[in-house]
Amino acid sequence: MPEGHTLRRLAEDLSGAFGGRVVAVSSPQGRFAEEAQLLDGTEFLGADSAGKHLFLDFEDERVVHIHLGLYGKFPIHRGEARPAVGQVRLRLVAAAEDGREPAYADLRGATQCALVDSDHRAGVLDRLGPDPLRAGADPAPAWQRISRTHRPIGELLMDQQVLAGVGNVYRAELLFRHRIHPLRPGKTLRRGQFLAMWQDLVELMPAGVRSNRIDTVRPEHLPPGPRPAGRGGDVYVYRRQGLPCLVCGTAIRTQVLAGRNSFWCPKCQPVYRSRARSSAAS
DNA sequence: AGCCTATGCGAAC
DNA sequence: TTCGCCTAGGCTG
């Protein structure tokens, strides 16, 4: 379930559970065994996220770079560690100590888990666009890129070199909230429109960190009655193809864009038409 | 049980 | 553009 808010929340939770503690590091699966051995018994300083990347800081400036990919997981458990089941690439264990509970965390299914140095980490950060979750992040570089290309905005929002941390759910929902069609060329957006979208992310994504889910529906658009107890958040269009738009009732549409299914309301997000220059046109 | 899909992304073709 | 990663939930049967 990883968009930027998931990784930020994970970094905070890992820091809370293991920060400042000497940890046992292992790789039950074996693919990270040599690296785990180097880190085993050292102090875990804390975790940080950047976009969808996660960094674990250990003493002596050793860093573990993790990317969960589409279905990686890194759940934290309280209590004594149970035997690892399945393919656990990395396990952190902290023993009980002065008031703190024992805890452990198992990493599975990640596309990336590597012991790196600070140069590598800097390189990853250099390749990322501004992250709305990073305090003080400057949206200007993102606007520079968006305003200069014909590439569709629905593709640009997913490009981590343009914006870091936005994934398929935030893409779909942000475009709906701003009534923008996913295929609209970047350079046809007005600066004010982009800045409004950025500001929306600056508010939506921290809310996602707090709740650990993505909710984007404004109160006035929430369907009446109790909220379904599912794990997913309240969304306008994501994976709602064929269902009625929460605002206008039109059937939500879907189409693959940037390799992923994108979703939009054809009425609330009309296809962009450039302003006609001649009254003779059409 | 088996199949499909998925909040991602890099490598291979 | 397609594949691989190799998890997990939901649906079908």
Side-chain angles (χ1 to χ4, degrees), chain A residues 1-11 13 27-32 49-55 65-77 82 84-91 105-114 116 120 123-129 131-133 151-152 154-177 182 200-201 204-217 228-243 252 254-264:
Chain A
M1 326 169 124
E3 293 194 29
H5 70 298
T6 304
L7 279 300
R8 171 56 53 89
R9 175 59 177 264
L10 182 52
D13 290 348
S27 179
Q29 173 203 52
R31 282 179 63 185
F32 195 65
S49 73
K52 299 167 188 170
H53 299 261
L54 176 69
F55 298 98
H65 174 207
I66 291 169
H67 196 295
L68 295 180
L70 186 56
Y71 44 69
K73 304 260 188 300
F74 201 2
I76 301 167
H77 307 277
R82 303 171 62 87
V85 176
Q87 303 287 95
V88 176
R89 176 113 52 115
L90 166 65
R91 167 172 271 196
D106 286 341
L107 175 69
R108 303 164 187 275
T111 53
Q112 171 86 358
C113 175
V116 302
H120 173 95
V124 172
L125 268 49
D126 279 349
R127 288 189 290 276
L128 293 176
D131 182 343
L133 282 172
R151 288 171 62 202
E155 190 178 306
L156 293 162
L157 291 176
M158 294 280 280
D159 184 339
Q160 302 298 296
Q161 298 186 66
V162 175
L163 281 181
V166 174
N168 206 19
V169 182
Y170 280 123
R171 158 175 82 166
E173 296 300 302
L174 190 69
L175 290 172
F176 179 89
R177 285 167 60 94
D200 212 11
L201 287 171
L204 283 173
M205 294 184 74
V209 174
R210 289 190 293 272
S211 63
N212 219 1
R213 47 183 258 170
I214 299 178
D215 293 295
T216 60
V217 180
R231 297 179 333 286
D234 294 313
V235 291
Y236 282 108
V237 293
Y238 176 70
R239 290 192 77 181
R240 294 194 67 245
Q241 67 272 27
L243 295 173
I252 301 304
T254 184
Q255 176 186 317
V256 173
L257 179 57
R260 318 296 305 284
N261 290 322
S262 76
F263 308 87
W264 75 98

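All values below were derived from every heavy atom in this structure, side-chain atoms included, with hydrogens, water molecules and symmetry-related copies excluded. Numbers restart at 1 for each chain; the letters A, B, ... are given by sequence-line order, proteins then strands.
Atom name P, nucleotides B:dC13 and C:dC5: the rounded distance is 13 Å, in whole Å. Rounded to a whole angstrom, the distance from the C1' atom of C:dA8 to that of B:dG10 is 23 Å.
Taking only side-chain nitrogens and oxygens, A:Asn168 never comes nearer than 4.0 Å to OP1 or OP2 of B:dG8. Distances shown here put every side-chain N or O of A:Lys73 at or beyond 4.0 Å from the OP1 or OP2 atom of C:dT7.
Atom CD of A:Gln87 is separated from atom P of C:dC5 by 12 Å (rounded to the nearest Å). Going from atom CG of A:Leu70 over to atom C1' of B:dG10 covers 13 Å, rounded to whole Å. As rounded to whole Å, 16 Å separates atom C1' of C:dT7 from atom CG of A:Leu90. If you measure from atom CD1 of A:Ile214 to atom P of B:dA6, you get 15 Å, rounded to the nearest angstrom. Between A:Lys52 atom NZ and C:dC5 atom P there is a gap of 21 Å when expressed in whole angstrom units. A:Gln161 places its CD atom 12 Å from the C1' atom of B:dG10, with the value rounded to the nearest Å. Taking atom CZ of residue A:Arg127 and atom P of nucleotide B:dC9, one finds them 13 Å apart after rounding to whole Å. When the C1' atom of C:dA8 is taken as reference, atom CG of A:Asp106 falls 15 Å away, rounded to whole Å.
Using modelled atom types, no side-chain atom of A:Arg91 and backbone atom of A:Asp106 make a donor-acceptor pair closer than 3.5 Å. In this structure, A:Thr111 contributes its side chain and A:Leu68 its backbone to no donor-acceptor pair below 3.5 Å. Using modelled atom types, no side-chain atom of A:Glu173 and backbone atom of A:Val235 make a donor-acceptor pair closer than 3.5 Å. A donor-acceptor distance shorter than 3.5 angstrom exists from the side chain of A:Gln160 to the backbone of A:Val166, with no hydrogens or angles considered.
Across all strands, A:Arg239 comes closer than 4.0 Å only to sugar-phosphate atoms, never to a base (heavy-atom distances). Heavy atoms of A:Gln112 sit nowhere under 4.0 angstrom from any nucleic acid atom.
Closest heavy-atom contact between A:Arg239 and A:Gln241: C-OE1, 3.2 Å.
Proximity note for A:Pro2 (side chain, C-beta onward) versus B:dA6, B:dC9, B:dG8: the nearest is B:dG8. When the nucleotides C:dT7, B:dA6, B:dG8 are ranked by their closest atom to the side chain of A:His67, B:dG8 comes out on top. When distances are taken from the side chain of A:Arg108 to each of C:dA8, B:dC9, C:dC5, the shortest belongs to C:dA8.
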